[in-house]
Amino acid sequence: MAVTAQDIEDLIRESFPDAQITVVGDDGVHFNAEVVDESFHGQNRVKQQRAVMAALKGKMDGSHGEIHALGLTTRAPE
């Protein structure tokens, strides 16, 4: 079964319940996500994105991952 944008948002929301999350993509394997969360204050972009990737619980692991590509934008709110 293909992963949906809502599936990805739900996984991210488990780790970032108060975040502003936008996920788009409709082919089941290629997505773009923006995650804006207070916890990102003081963290560089690499740490922010690693935290979001960890929230995906292996869905992008290797060539057999359910998500082939995820464009990811992260930031703290202004």
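Note that the structure is predicted; figures quoted are calculated from it, not measured.
In terms of heavy-atom proximity, Asp18 sits nearest to Asp37 at C-OD1, 3.9 Å. In this structure, Phe31 and Gly25 approach most closely via the heavy-atom pair CE2-O, 3.5 Å. For the residue pair Ala33 and Val23, the shortest heavy atom distance occurs at CB-CG2, 4.0 Å.
Between the CG atom of Leu70 and the CD1 atom of Ile8 there is a distance of 6.0 Å, given to the nearest 0.5 Å. Here the CE-NE2 distance, from Met60 to His68, works out to 8.5 Å after rounding to the nearest 0.5 Å. Taken from CG in Asp7 to CD1 in Ile12, the straight-line distance is 11.0 Å, to the nearest 0.5 Å.
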Side chains of residues 45-52: which donor-acceptor partners sit under 3.5 Å, not counting sequence neighbours?
unit_1, atom_1, unit_2, atom_2, d
Gln48, OE1, Thr74, OG1, 2.8
Gln48, OE1, Arg75, N, 3.4
Gln48, NE2, Phe40, O, 3.4
Gln48, NE2, Gln43, O, 2.9
Gln49, NE2, Leu72, O, 3.0

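No chain of hydrophobic side-chain contacts below 4.5 Å, direct or via other Ile, Leu, Val, Met, Phe, Trp or Tyr residues, connects Met53 to Val36.
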Item to complete: Report the C-alpha separation of Glu14 and Asp10 in whole Å, then their side-chain angles, then the decisive distance to 0.1 Å, and conclude whether the side chain to side chain contact (heavy atoms under 4.5 Å, CB included) test is met.
Response: CA-CA 6 Å; Glu14 287 178 23; Asp10 291 346; 5.5 Å; no
